[in-house]
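Read through the structure below, which is laid out as structure tokens, and then see the notes.
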Amino acid sequence: MSKIVSIIVSVMITLSSLFFSHFGGDYEKNKDIPNNYPCVFVHGFMGFGYNSGANHIVSYWGATACDLIPELNKLGYDCREADVGALSSNWDRACELYAQLTGKTVDYGEAHSKAHNHARFGRTYSQPIVENWGGTDENGETVKINLIGHSFGGSTIRLLLALLDQGDQAEIEATTDGSLSELFTGGKGDLVNAVATVATPNNGTTLTYIGEKLGLLDFVEKTSYFLAGVAGRTELNQLFDFHLEQFGITPLKGEKAEDFLCRAIKSMMEDYNNDSAYYDLSPEGAKELNDRCEALSNVYYYSHSFCMTKDDGNGKQVADKGFLLLYPFADLIGKYSENTVTDYKIDETWLANDGLVNTISEGAPFDEPSCDFNYGDKAQSGVWNKLPVISGDHGFAAGLMSSKTEVMDRYTALLDQINSEG
């Protein structure tokens with residue numbers, strides 16, 4: 001999950017959009033859509049949302065195929081888009097998502113911010129993504145939402161739901177001045193109708209082990225934070241908003257360039273105490289999330305898994321079909337069947353992958369109930385409904401190197417399923 005690879009992929013997405021944006025022609029679909037609840041889309045690691053300049057060049061959702069969110073809305077679906085930290089930990093991203101959903105100031109929590117040595121409060125959002133969320137509509141029904149996350153975005157929406165439902169005892173105990181965020185009080189799990197994860201490392205990715213084994217992971221993490229801070233003082237800040245003000249890495253208004261540079265360099269030496277995406281993407285980080293989460297009986301869960309590898313005849317997996325820049329990573333993951341970095345058990349079932357995430361990890365969290373599911377079946381609430389594995393890579397899941405028809409078919413089918421339940 002290196003920063004360098006992410007930058008290359010982003011550049012390739014931008015360039016390839018010039019050639020692939022018209023594949024599939026005009027998409028037309030006329031049908032009545034229940035539109036029970038708004039659908040909120042959350043991007044993944046090193047991704048970007050509606051506020052980033054990059055989204056005006058090529059959208060994250062739809063990538064080279066189309067600008068997915070507006071296209072879905074044209075068809076009558078009610079889709080919104082969030083914009084959270086590209087490098088940030090799952091916790092920080094979930095807090096940012098809640099503030100955007102409700103139109104409030106980001107509160108990372110008194111206990112969490114002290115434990116990880118960063119500011120408690122972030123930026124303020126004056127306009128909520130979903131008006132009257134948790135209130136009642138004209139029919140007296142509770143206004144709920146559906147959450148859809150690609151890659152690490154799926155982990156973020158799962159943590160948000162866990163906090164909405166359970167709250168956080170550490171934050172409750174640490175915040176005694178009456179300023180506790182409603183995110184941490186619990187009792188709001190019924191405000192979400194459905195959760196859908198797309199190519200999400202629900203159980204982590206072994207690419208983090210491979211990076212650590214090669215001695216690259218710590219260097220890449222610290223360098224990426226440094227580069228994110230430096231980018232904030234250049235025109236690149238108009239393209240990518242890293243949402244890192246809590247660490248003091250984002251430049252301050254009126255700050256001298258040399259003062260900021262000193263802070264940015266110092267940030268390279270900081271220990272983020274696992275408060276970053278890099279740790280949360282590991283199987284250990286995913287297990288911590290899974291230990292916190294539980295499938296709620298009133299929520300519908302769906303997962304989309306992807307695979308770009310095939311058996312090489314020797315018990316390993318090699319890249320078969322997908323984005324060429326992901327081939328080396330697909331082959332590395334496809335050979336890693338024994339964990340030599342930590343005690344977390346890894347075996348040959350982890351070999352098949354989409355170039356960045358193990359296919360087995362993209363199904364259900366290992367400790368939650370699940371079942372195989374096809375559109376047309378009756379979905380179960382409180383259970384992960386695992387859709388069939390799709391042939392494609394990690395970027396293809398969001399629309400990269402896909403045709404407009406392919407990506408629209410995939411997401412309209414998912415939204416129709418979500419809207420048919422609850």
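Bear in mind that the values here come from a model prediction, so they are computed numbers and not experimental data.
Phe366 meets the ring pair (Phe, Tyr, Trp, His ring centres under 6.0 Å) test with Trp350; sequence neighbours excluded. Applying the side-chain hydrogen bond (donor to acceptor under 3.5 Å, both in side chains) rule to Thr185 yields the partners Lys188; only residues at least two apart in sequence or on another chain are considered. Shown here are the salt bridge (charged side-chain N to carboxylate O under 4.0 Å, His left out) partners of Asp291, two or more places apart in sequence or in another chain: Lys287. In this structure Phe152 satisfies the ring pair (Phe, Tyr, Trp, His ring centres under 6.0 Å) test with no other residue, sequence neighbours excluded. Judged as a salt bridge (charged side-chain N to carboxylate O under 4.0 Å, His left out), and not counting sequence neighbours, the contacts of Glu368 are Arg158. By the ring pair (Phe, Tyr, Trp, His ring centres under 6.0 Å) test, Phe373 is found to be paired with Tyr302, residues two or more places apart in sequence or in another chain being considered. Under the side-chain contact (heavy atoms from CB on, under 4.5 Å) criterion, Ser303 pairs with Thr197, Trp384, Lys386, sequence neighbours left out. The salt bridge (charged side-chain N to carboxylate O under 4.0 Å, His left out) search around Lys74 returns Glu71, not counting sequence neighbours. Residues forming a ring pair (Phe, Tyr, Trp, His ring centres under 6.0 Å) with Tyr336 (at least two apart in sequence, or on another chain): none. The salt bridge (charged side-chain N to carboxylate O under 4.0 Å, His left out) test applied to Lys345 returns no partner, not counting sequence neighbours. Lys104 is linked by a side-chain hydrogen bond (donor to acceptor under 3.5 Å, both in side chains) to nothing, counting only residues two or more places apart in sequence or in another chain.
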Inset, instruction - Go through the steps to decide whether Lys144 and Asp190 satisfy the test salt bridge (Lys or Arg N to Asp or Glu O under 4.0 Å), and finish with yes or no. - result: CA-CA 8 Å; Lys144 301 184 180 184; Asp190 60 347; over 6 Å; no
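Side chains of His150 and Tyr60: a donor-acceptor N/O pair is present below 3.5 angstrom, by distance only. Side chains of Asn358 and Thr206: a donor-acceptor N/O pair is present below 3.5 angstrom, by distance only. Side-chain polar atoms of Thr124 and Thr105 form a donor-acceptor pair below 3.5 angstrom. For the residue pair Asn202 / Ser361, no side-chain donor-acceptor distance below 3.5 Å is found, with atom types taken as modelled. There is a side-chain donor-acceptor pair under 3.5 Å between Asn146 and Asn193. Between the side chains of Tyr300 and Gln380, no donor N or O sits under 3.5 Å from an acceptor N or O.
Taking the six-membered ring where the residue is Trp, the centroids of Phe306 and His394 are separated by 6.0 Å or more. A ring-centre distance under 6.0 Å is found for His112 and Trp91.
Residue Asn139 qualifies as enclosed at atom CG: its count of foreign heavy atoms under 6.0 Å is above 12.
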All N/O donor-acceptor pairs, side-chain side in residues 315-324, below 3.5 Å, sequence neighbours left out:
residue	atom	partner	partner atom	Å
Lys316	NZ	Ser337	OG	3.0
Gln317	OE1	Thr309	OG1	2.7
Gln317	OE1	Lys310	N	3.3

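Figure legend: cation-pi geometry between Arg93 and Phe45 absent, as NZ or CZ is not positioned both under 6.0 Å from the six-membered ring centre and within 45° of its axis.
Side-chain contact check for Leu387 versus Ser305: every heavy-atom pair is 4.5 Å or farther apart. You'll find the side chain of Cys307 stays beyond 4.5 Å of the side chain of Asp354, heavy atoms only. Side-chain contact between Leu161 and Tyr301: present, with at least one pair of heavy atoms (C-beta onward) separated by less than 4.5 Å.
Exactly one residue among Asp83, Val84, Leu160 makes a side-chain contact (heavy atoms from CB on, under 4.5 Å) with Val42. That residue is Val84.
Once rounded to the nearest 0.5 Å, the distance linking OG1 of Thr405 with CZ of Arg410 reads 11.5 Å.
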